[in-house]
There are 2 protein chains.
Amino acid sequence: MESGRPYSRLLNRLDRTAVLTSADKQLLAELPLTVRNVAAGAAIVPAEEPQCILVVNGFACGSKRVGVGRRQITSLFVPGDIAGLNGLLLPGSDDNLSPLGPAVIASLPYQALEEMLDHSPRLAQAFWRQSFIEAAILREWIASLGRREALARVAHLICELVVRLQAVGVAKDHSFTICWTQMDVADACGISAVHANRVVQELRRLELVEWDAKHLQIRNWDALAKIGEFSDDYLQHYVRPVPPVRYDFDRHLAC
Amino acid sequence: MESGRPYSRLLNRLDRTAVLTSADKQLLAELPLTVRNVAAGAAIVPAEEPQCILVVNGFACGSKRVGVGRRQITSLFVPGDIAGLNGLLLPGSDDNLSPLGPAVIASLPYQALEEMLDHSPRLAQAFWRQSFIEAAILREWIASLGRREALARVAHLICELVVRLQAVGVAKDHSFTICWTQMDVADACGISAVHANRVVQELRRLELVEWDAKHLQIRNWDALAKIGEFSDDYLQHYVRPVPPVRYDFDRHLAC
DNA sequence: CGACCGATTGACACAGCTCAAATGAAGTGG
DNA sequence: CCACTTCATTTGAGCTGTGTCAATCGGTCG
């Protein structure tokens, strides 16, 4: 049961993304996932052997170094998310994946993924859709970084986190475990660590959130969403159980 | 010949992205592209009939409104680029596409695209790869908006523009036509219009670029790239003629 | 107990924003 | 061909959000 979690996470995610046949689910279950714990600062993907990863517990992120020492987190992964998919078609475009806090990660060799997608165009579609969903989130981050001030950015980030976590059942009642450093918050929101601290304090002072070392609890969702100018539109496809189908790869299997 | 341009643009782009058979090229040539001119502020995609667009000449962008009236450009499209692909699998996730300056745009109904992808997994792969390339650019923008100051952001944007334009043969010798408003620059870089003006003047004063109403000429590439902290790594797959193949959809056609 | 790391606080500097006004360029219509 | 409008660029002045630097505090671990 414990060893089944990676698969249930993956299923839980993909099931919202596409209608999967039992054959598809079977293929997913046969993926050779290698689960392991990674400590807060550790490297996830060995440079010599690029691969996909599936977040099982905790958080992972892709980040870039810019200028001297400055770090910017460019994407965020919660349990059930697949990171590094792009490396499948874009060799060498590693995202510098790392955990945010301690995390449980399953690695998935590209080759196995490849073979699976070969056998199911429907799954290929599902994974393509995943990458569109990820891109939608990237665009929202761009809007946030470009046009919102620090308080709103952090509020927005928190809102996104809850919505995504609740969608996969890792958060309940606007409350979840989060072992981030305030530096992590800073690097995600494009602000300095000192200012991240002040912003978090402000959110606490306004009684919008409770946030200690390992746990975050939203006290006033409406106000937080308002300050963060948060609308879950861009997460619709992330959250929605089964989206309407426009383009169905499977049709040409009927030939 | 004039009517052939949209197809050659599209071919020019995809040819760098994947190895296309002549059958694939034939399929592409059969796409029902509707070419038209759009004025600077006009709408590109009618809300009642979402579709893909192919930029033939000029620029297009996806943007978001955030807060009161503030606009953030989230993605940028140059000739040969396909915008709105995500709508194919994510209905309703319109990007609010609009031209930047006057542009020549070809519209492409989702249904036609759908049918084409049904007939060629290789093309489906090529388009999937395109969306990964787009996402790589989004990540770089996040880094820029989060961690670079205004001067560097604008410099970086200019560098990206030249590289992309030169890749499709629309710019030569670090020089190209660009009918943007300084407000457009501001909205792309997440700064105010007034500051965008000051930054552009600074770039002129440093003799890095010449930039009048309709034309931009880079005077000192090295210095510009240095100020913008620009490295074309993230554009490798955009530029590179034919990338090494890791995952090839076509293999399962051999069965 | 000492070392270390992250959170916190204060003081100060500055990049970039807002407001407001002036200038210039490009139509538009009489 | 000349007012007149409109829109983009430019300039100045003051304000503010955020960064930097530096010190302190608190917890954790060996």
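Because the structure is predicted, anything quoted here is derived from the model rather than measured. Letters A, B, ... mirror the listed sequences (proteins, then strands); counts begin at 1.
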With distance as the sole criterion, is a donor-acceptor pair present between the side chains of [X] and [Y] under 3.5 Å?
X	Y	answer
B:His237	A:Ser93	no
B:His156	B:Glu140	yes
A:Arg9	A:Asn57	yes
A:Ser231	A:Asp233	yes

Please name the pair of heavy atoms, one in A:Ile53 and one in A:Ala60, separated by the smallest distance, quoted to 0.1 Å. CD1-CB, 4.3 Å
For nucleotides 11-24 of chain D, give me one character per nucleotide, 5' to 3': B if any protein heavy atom sits under 4.0 Å from the base, S if the only such contacts are to the sugar-phosphate, - if neither. BBB----SSBB---
CG/A:Asp173: more than 12 non-hydrogen atoms of other groups inside 6.0 Å: no
Heavy-atom check, side chain of A:Leu203 versus side chain of A:Ile158, under 4.5 Å: yes
A:Asp81 and A:Tyr238: side-chain hydrogen bond (donor to acceptor under 3.5 Å, both in side chains), yes or no, with the steps? CA-CA 10 Å; A:Asp81 288 341; A:Tyr238 187 95; 2.7 Å; yes
Applying ring pair (Phe, Tyr, Trp, His ring centres under 6.0 Å) to A:Trp211 and not counting sequence neighbours gives none
Quick check on the helix from C:dC1-D:dG30 to C:dG30-D:dC1: what's the angle between its two end axes, five base pairs per end, to the nearest 10°? 40°
Using atom types as modelled, flag every donor-acceptor pair under 3.5 Å from a side chain in residues 177-185 of chain A to any protein atom, sequence neighbours excluded.
from	atom 1	to	atom 2	distance (Å)
A:Gln182	OE1	A:Asn197	ND2	2.8
A:Asp184	OD1	A:Arg71	NH2	3.0
A:Asp184	OD2	A:Thr181	N	2.9

Round to the nearest Å and state the distance from B:Met183 atom CE to D:dA8 atom P. 7 Å
Looking at B:Glu210 and B:Arg219, is any side-chain nitrogen of the basic one under 4.0 Å from a carboxylate oxygen of the acidic one? yes
Below 4.0 angstrom, N of the basic side chain to O of the carboxylate: do A:Arg164 and A:Glu160 qualify? yes
Identify, residue by residue, the members of residues 203-218 of chain B with a heavy atom below 4.0 Å from DNA chain D, and return them in order of residue number, or none. B:Arg204
Covered region of DNA chain C, 5' end to 3' end, by chain A [heavy atoms, under 4.0 Å]: C:dA7 to C:dA11
